[in-house]
Amino acid sequence: MASFHGNQTTSSTTTLTHSPIYHSIILAGPRLKPLQQIHARIIITGLGRTRSLITKLLSFAYAAASPISYTRRLFFSIPKPDTFLFHSLITLTSKFSFPQESLLYYRRMLLANISSSNYTFSAVIKSSADLMAFSIGETIHCHVYICGYGLDAYVQAALVSFYAKSGRVMIARKVFDKMPDKTVVAWNSMISGYEQNGFGKEAIELFYLMQDLGVKPDSSTFVSLLSACAEVGAIGLGCWVHEYIARNCFDLNVVLGTALMNMYSRCGNVSKAREVFDSMEEKNIVAWTAMISGYGMHGHGSQAIELFNEMSFDGPRPNNVTFVAILSACAHAGLVDEGRQIFTTMKQEYGLVPSVEHQVCMVDMLGRAGHLNEAYQFVKNISPKEPAPAVWTAMLGACKMHKNFDLGVEVAEHLLSIEPENPGHYVMLSNIYALAGRMDRVEKVRNIMIRNRLKKEVGYSTIDVDHKVYLFSMGDKSHPETNQIYLYLDELMSRCREAGYIPASESVMHEVEEEEREYALRYHSEKLAIAFGLLKTGPGVAIRIVKNLRMCEDCHTAIKYISIIANREINVRDRLRFHHFKDGSCSCQDYW
C-alpha cells in the first residue's frame, strides 16, 4: 500500500499534469469542479481509459451542460470507441440539446463502420430537426431504409416530427400513414405538426380519427389539440377537452394550463381563461404573459395593466415578450399615457432594449390615438438601424385610419422601396390613393401588381358548429348548402339596408363598378360564415368567427346591423383583436 501511494501516485500525477485532459479540466472553470475532481481521480488511479467510466463521465458532463471543448477532449481520449459508447453519446447529446455534437458523433460512428440502432436514428433525426438541417435529415432517412429500420415505430415517429418541423406536412403524413403500429407519440407528433404549420382544422380531424381508433390521448395530445382549437376557434371541442382533463384527473401543469387558458382567450371567453389562470398552482412567465395578452386582444387594457402590475410585484420578472403583450394591450384600448410610461419603465427599470415588436406597438398605439406626428417622429428617431418594415407598416395603417393621405403616400412609397415584393404594401397604397381621389395612381399601382404577379393574401373565416369546423372564403361556393347560405345572406343584407346599413364600397378595389363592389362586399368570408352559423344554431346561441386577416370596415358595420336583426351576440377574432358585437355595437368602440 505504501508503494502504491508513493511511486504510482507520483508517476500518475506527472502523467496527469502533462495530459491535455488535465489542462481542459483546469480551463473549464469552477462550474464543473466536482465532476472534474472525479475525472482527475479516475486518471490518477490509472482508470482514465476505462470505457464504462468515461461513458458515465460524459453522461454527467452533458447533463451539466459542460463546455464542448472539455467533452470533446474527453471523448478523444478513448482510443477505440465501441458501439455502446457511440450510441450512448448520440442519444445523450440529442436529449440534452447538443444537436451538433450528436451529428458529429454520428458521423464518427459511420467512419468507424459501427452500425446504428433505432435509438441512435431517432436521436440524430431529432438533432437534424433541432438544427433545421433538413438535407442532413433526408440523408439520415436514406440510412434508415438502408439499415432496415424503415418500419420501426420510434424512428418513424421521429421522421414524422422531423418533416413536420421542416414544414413538409404532406411528407410527414405519408410517413405517418405507413406506420403499422402508431403509438400515442406518433399521433402527437402528427397532430403537433399540423398545428405548428397552421393546419388547425386538419389537426382536429386527426384527433377525431385517433378517438375513433381507440387510442388514448395524453397531456401532450391535449396541448397540441388546444392550440389547434385556439387557431380555428373550435371552442366546443376545447370545452370538451377541459371536461375530459377534469374528469380523468389530469395534472393541470403549467404547460397544459397555459394551453387551456390560451384556447379560451383566443376563442372569445377571456373570463374563463382567467378562471383557469387563477386555478393554476404553478404559473411561469409564459402563463402570466398569455393572460395579459388575452386581456389585450379583447380590448381590456385596464385589466391587462392591473395583472401586469401584479406580476411585477409578486410574479416572475417580465421579459421582452411580456412587454410586447402589455404595450399591445395599451394600443388596443387607447391607453396612450400608460403605454408611454410602460415603455419608459421597460428601458430604464428593466434595462431591456426595445425590439422591432416593441417599436411596432408604440407606433400602433400612438397612431391609433391620432398622434401621427409623435408616431412619425418615433419612427424617425429609431437608431442605429433603419426602422423595420413592420414599423413602417404600422405607421401606414395609422395614416390610412386618420386619412392623412400625403404622409401615407410618403410612408407607402418608402415601404415599397425596402420591400418591393410585399403585395400588402401595394394594396394599402392603392387604397390610400383611392381615398384621396387619385384614381390614375390607383390604376398604376394595380398594373404594377399584375405585371409583377403579386396577389394579396386570400382571406378566409372559420366557424365551429357542433364540434365541426367549417371554412369559408370570399364568394365561396364549395359548401353543399351554398344555395341556402347565399339566399339567407341576401335576405339578411336586404334587411340591414332597410335598417340603415350603407355598404362601404371603398373597402374593395376601386376600378370596378359600384354594383360589382357591393356584390364583392356582400360575400366576404365572415358574412358567409355568420349566415351559416345563424342557419345552423338556435336562438340565443352566440356566433363565433375567426378571420385570418383584419376585418374590413364594411363587414364591421354590417355585423353591427346583423347583431340587431338576428338578435344574436356575434364574436369575431380577426388578425389584430376580438370584436364582440351585441345590440348594434362593438366592444372595440370602432377603435381598431
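Both backbone and side-chain heavy atoms feed into the values below; hydrogens, waters and symmetry mates do not. Treat the numbers as computed from the prediction; the structure is a model and nothing was measured.
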Original post:
How about Y426: does its OH atom have over 12 heavy atoms from other parts shown lying under 6.0 Å from it?
Top reply: yes
Original post:
Which heavy atom of F581 sits nearest a heavy atom of N571, and at what distance?
Top reply: N-OD1, 4.5 Å
Subject >> Distance, nearest 0.5 Å, that separates CZ of F313 from CZ of F308 >> reply: 14.5 Å
**OP:** Grab the two heavy atoms, one from G193 and one from A164, that are nearest each other, plus how far apart they are.
**Re:** CA-CB, 3.5 Å
**OP:** Could you tell me which residues satisfy salt bridge (Lys or Arg N to Asp or Glu O under 4.0 Å) with D406, sequence neighbours excluded, listed by chain and number?
**Re:** none
**OP:** Show your reasoning for whether side-chain contact (heavy atoms from CB on, under 4.5 Å) applies to M362 and M365.
**Re:** CA-CA 5 Å; M362 287 300 293; M365 180 185 70; 3.7 Å; yes
**OP:** Using a 4.5 Å cut-off on heavy atoms from C-beta on, say whether the side chain of F162 contacts that of V175.
**Re:** no
Original post:
How about M311 and I285: do any of their side-chain heavy atoms sit closer than 4.5 Å?
Top reply: yes
**OP:** State whether the side chain of S563 and the backbone N or O of K560 hold a donor-acceptor pair below 3.5 Å, judged by distance alone.
**Re:** yes
Subject >> Side-chain heavy-atom pair R368, M401 within 4.5 angstrom cut-off >> reply: yes
**OP:** Please check if the side chain of S293 supplies one atom and the backbone of T289 the other of a donor-acceptor pair under 3.5 Å.
**Re:** no
**OP:** Go through W288 and F277 one step at a time and tell me if the ring-ring contact (aromatic ring centres under 6.0 Å, His included) criterion holds.
**Re:** CA-CA 8 Å; W288 283 90; F277 177 79; 5.2 Å; yes
**OP:** Could you check if a side-chain atom of V270 sits within less than 4.5 angstrom of a side-chain atom of M291, using non-hydrogen atoms only?
**Re:** yes
Original post:
Would you say the ring centroid of F207 lies under 6.0 angstrom from that of W187?
Top reply: no
Original post:
Which atoms form the tightest heavy-atom contact between R577 and G299, and what is the distance?
Top reply: NH2-CA, 3.4 Å
Original post:
So, S128 versus D130: side-chain donor-acceptor pair below 3.5 Å or not?
Top reply: no
**OP:** Evaluate the side-chain contact (heavy atoms from CB on, under 4.5 Å) criterion for residues V360 and E357: first the C-alpha distance (whole Å), next the side-chain angles of each, then the deciding distance (0.1 Å), finally the verdict.
**Re:** CA-CA 5 Å; V360 169; E357 290 78 12; 5.7 Å; no
Original post:
Rounded to the nearest 0.5 Å, how far apart are CZ of R317 and OG1 of T322?
Top reply: 11.0 Å
Original post:
Do the side chains of P420 and N422 get nearer than 4.5 Å, heavy atoms only?
Top reply: no
Subject >> Any donor-acceptor pair under 3.5 Å from S94 side chain to A123 backbone >> reply: yes
Original post:
Hey, does the side chain of N447 reach the backbone of E443 with a donor-acceptor pair shorter than 3.5 angstrom?
Top reply: yes
Original post:
With under 30° as parallel and over 60° as perpendicular, where do the rings of F323 and H358 fit, or are they tilted in between?
Top reply: perpendicular
Subject >> Atom pair NE2/SG of H556 and C588 - distance to nearest 0.5 Å >> reply: 3.5 Å
**OP:** Let me see the working for D464 and V232 under side-chain contact (heavy atoms from CB on, under 4.5 Å), right down to the final yes or no.
**Re:** CA-CA 8 Å; D464 176 27; V232 301; over 6 Å; no
Subject >> Pair Y264 and H242, ring centroids less than 6.0 Å apart >> reply: yes
Original post:
Taking it one step at a time, do E138 and R168 satisfy side-chain contact (heavy atoms from CB on, under 4.5 Å)?
Top reply: CA-CA 12 Å; E138 289 174 335; R168 289 170 289 183; 2.3 Å; yes
**OP:** Using atom types as modelled and distance alone, determine if a side-chain donor or acceptor of S102 lies under 3.5 Å from a backbone N or O of F98.
**Re:** no
Original post:
Do N262 and L226 have side chains that get closer than 4.5 Å, going by heavy atoms?
Top reply: no
Original post:
Should the pair K283-D314 be classified as a salt bridge under the 4.0 Å nitrogen-to-oxygen rule?
Top reply: no
Original post:
Checking side chain to side chain donor-acceptor pair (under 3.5 Å) against H414, which of E419, E386, H425 comes through?
Top reply: E386
Subject >> Distance, nearest 0.5 Å, that separates CG of L159 from CD1 of I171 >> reply: 11.0 Å
Original post:
Quick check: are there more than 12 heavy atoms from other residues, nucleotides or ligands sitting under 6.0 Å from CG of D218?
Top reply: yes
Original post:
Counting N and O atoms only, with roles assigned by atom type, does the side chain of S161 sit under 3.5 Å from a partner on the main chain of A158, one being a donor and the other an acceptor?
Top reply: no
Subject >> Which atom of R544 lies closest to which atom of I463, heavy atoms considered >> reply: O-CG1, 3.6 Å
Subject >> Spacing of CD1 belonging to I450 relative to NZ belonging to K455, to within rounding of 0.5 Å >> reply: 10.5 Å
Original post:
Would you say the side-chain atoms of N548 pair up with the backbone N or O of Y460, donor to acceptor, closer than 3.5 Å?
Top reply: yes
Original post:
Would you say the side-chain atoms of S461 and S525 include a donor-acceptor pair closer than 3.5 Å?
Top reply: yes
Subject >> Over 12 non-hydrogen atoms of neighbours within 6.0 angstrom of CD in E413 >> reply: yes
Original post:
To the nearest 0.5 Å, how far apart are CD in E526 and CG in D554?
Top reply: 9.0 Å
Original post:
What heavy-atom pair brings G296 and A329 nearest, and what distance separates the two atoms?
Top reply: CA-CB, 3.5 Å
Original post:
Of R274, M280, E275, which meets side-chain contact (heavy atoms from CB on, under 4.5 Å) against D278?
Top reply: R274
**OP:** Applying ring-ring contact (aromatic ring centres under 6.0 Å, His included), run through H141 and Y163 and close with a yes or a no.
**Re:** CA-CA 10 Å; H141 192 175; Y163 282 113; 5.6 Å; yes
Original post:
If you take all heavy atoms of E231 and E195, which pair is closest and at what distance?
Top reply: OE1-O, 3.6 Å
Original post:
Are any of the side-chain heavy atoms of V254 and V286 separated by less than 4.5 Å?
Top reply: no
Original post:
Which word best sums up how the rings of H580 and H298 line up, parallel for under 30°, tilted for 30 to 60°, or perpendicular for over 60°?
Top reply: parallel
Original post:
Between the side chains of Q348 and T344, is a donor N or O closer than 3.5 angstrom to an acceptor N or O?
Top reply: no
Original post:
Is the shortest heavy-atom distance from the side chain of T393 to the side chain of M428 under 4.5 Å?
Top reply: no
Original post:
Judged by atom type as modelled, is there a donor-acceptor pair below 3.5 Å linking the side chain of H402 to the main-chain atoms of G367?
Top reply: yes
